[in-house]
Amino acid sequence: MFDIRYIRENPDAFDAGLARRGLAPRAGEILAIDEEARKYTVVLNEMQEKRNAASKLIGQAKAKGDDAEFNRLREEVESIKSQMPVAEDIQKKKQDEIRDILSTIPNIPAEDVPEGEDEAANVEIRKWGEPKRLNDAKEHFDLGEALGQMDFETAAKMSGSRFVLLKGQLARLERAIASFMLDLHTGEFGYTECNPPLLVKDDALYGTGQLPKFTEDLFKTTGEHWLIPTAEVSLTNIVNGDILTEEELPLRFTAWTPCFRSEAGSAGRDTRGMIRLHQFSKVELVSITTPDQSKDEHERMTGAAEEVLKRLDLPFRTMVLSTGDMGFGAQKTYDIEVWLPGQGQYREISSCSNCGDFQARRMNTRYRVAGEKKKINPVHTLNGSGLAVGRTLVAIMENYQEADGSVAVPDALKPYMGGVEKIEALK
RNA sequence: GGAGACGUGGCCGAGUGGUCGAAGGCGCUCCCCUGCUAAGGGAGUAAGCGGUUUGUCCCGCUUCGAGGGUUCGAAUCCCUUCGUCUCCGCCA
């Protein structure tokens, strides 16, 4: 959500930012409405001032027992009040109009984000590990089904397509991966582990930017709740409406949760396997920082996510998303892509975004600037996957597969697997 | 789900129709005193929006969970709604 004052003062920069997103200019239209709204605000304020002053005098007149004055003032107030509803209506309508427009405008890309229409313009900034070229590399679903521990048919029986039933050591492996990630982020990167609600109200989704624009991506309950599409929603909204102090920033939260996505509009893509499911689990990282800290924090967070892959010895590359490929609330996003030998390509396993003050304005989350008691500014928010657990399972299976169809357990996960070193077919 | 209580500034907490944006306390900031420490004294301290000015000085409006209503006037009365707590029911 943009600050209307920013648009007033920098209309050209605002439109230029939108242009980088491939969007038409909006400043002129918004400022015209803004000017109308302010005009009526001034008129309304003046009427309210008169009304308040007269009301005060009424109290005094009554105390003095001056009935004539009392009645005269009552009529005066009455006449002022009769004119107010019109101005009120117009002012509210204009303000609502501005809010409705602003709430659907995406964040403006940071200066150093590469320009481009789509993912083709993303730029690789790092590469780690050597992509394995296995002979006869199998995809994870073939491996998993052969092991008898990854069952899409049974899942479809109860839930339809885009669901999976994991069993045996693969089910345990998923739990091991998540535990490993949480221990790393809490133990070495200072994140606080959270176990947040998975069902949230409109307001929370508005705060992080999924609403009002992206309802079709979400699952809604029959009541007032929505299923979270990512723990970013729950973790970021921890500070919704809060006034924090500079001393307590940055705040860092992590959580392992299921995520629910309708995947409307992705029909036909990744229909086989665990790459794109309606329900998947993810370890999420969220940071709340001061504006000064957010750039460094973004690098740090991305590093924390990359560290997971390094410890699992999974080759990856890190990309900066182009202006056309970024999400709604992001100023800058790094995608981490893991190498999948079965598919023979890199696939997204993490997305780390700096949202600047975009979500903070929507949530009205601010902090007191240290040393300046009057200053209260919006915080910055960041979120990243650290990592998508299901896709990590896929990456481990494809990278650690053996010729006999078994899957070796990465060293880093052995402590979490109760002595199991290799995942083999169920007897 | 049923019954009741409550939601006030960063926090705690008074306030049942006008003098309340709001006592008091805590916290915080500044100053004074005390040769460290501890303690004491004084002053200040809500946010949002707009006007004015670009002199962070002044002025106005709005806000006491949220939304609506009654009234010349509401933190205070009424309705709706959200949330919290207690008891009961149910249940993992």
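Each chain gets a letter, A, B and so on, in the order the sequences are listed, and its residues count up from 1.
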Enquirer: Is a salt bridge present between A:Glu263 and A:Arg261, judged by a nitrogen-to-oxygen distance below 4.0 Å?
Expert: no
Enquirer: Both distances under 3.5 Å, Watson-Crick or G-U wobble: report the partner of B:U56, or none.
Expert: none
Enquirer: If we call it a pair only when both distances are under 3.5 Å in a Watson-Crick or G-U wobble match, what pairs with B:A46?
Expert: B:U63
Enquirer: Verify whether the ring centers belonging to A:Phe260 and A:His278 lie closer than 6.0 Å.
Expert: no
Enquirer: If you compare every side-chain N and O of A:Arg366 against the phosphate oxygens of B:G10 (OP1, OP2), does one of them come in below 4.0 Å?
Expert: no
Enquirer: Check this one for me: any side-chain N or O of A:Asn52 less than 4.0 Å away from OP1 or OP2 of B:U62?
Expert: yes
Enquirer: What integer number of Å spans the P atoms of B:C79 and B:C6?
Expert: 14 Å
Enquirer: So which nucleotide does B:U19 pair with, by the Watson-Crick or G-U wobble rule with both distances under 3.5 Å?
Expert: none
Enquirer: Touch check for A:Arg8, heavy atoms < 4.0 angstrom, all strands: base, sugar-phosphate only, or nothing?
Expert: sugar-phosphate
Enquirer: Who does B:G4 pair with, Watson-Crick or G-U, both distances under 3.5 Å?
Expert: B:C85
Enquirer: Any side-chain N or O of A:Arg51 under 4.0 Å from OP1/OP2 of B:G73?
Expert: no
Enquirer: Between A:Lys81 and A:Glu78, does any NZ, NE, NH1 or NH2 come within less than 4.0 Å of an OD or OE carboxylate oxygen?
Expert: no
Enquirer: Can you tell me the Watson-Crick or wobble partner of B:U76, both distances under 3.5 angstrom?
Expert: none
Enquirer: Taking 4.0 angstrom as the limit, do A:Glu421 and A:Lys414 come out as a salt bridge?
Expert: yes
Enquirer: Taking atom P of B:A47 as reference, at what distance in whole Å does atom CZ of A:Arg361 sit?
Expert: 16 Å
Enquirer: Nearest whole angstrom, please: distance from the C1' of B:A46 to the OH of A:Tyr367.
Expert: 19 Å
Enquirer: By nearest heavy atom, map A:His225 and A:Ala54 onto RNA chain B; which one lands nearer the 5' end?
Expert: A:Ala54
Enquirer: Are A:Lys50 and B:C61 close enough that a side-chain N or O sits under 4.0 Å from OP1 or OP2?
Expert: no
Enquirer: Can you tell me the Watson-Crick or wobble partner of B:C91, both distances under 3.5 angstrom?
Expert: none
Enquirer: Under 6.0 Å from the ring centre and within 45 degrees of the ring axis: does the NZ or CZ of A:Arg362 meet both conditions for the six-membered ring of A:Tyr206?
Expert: yes
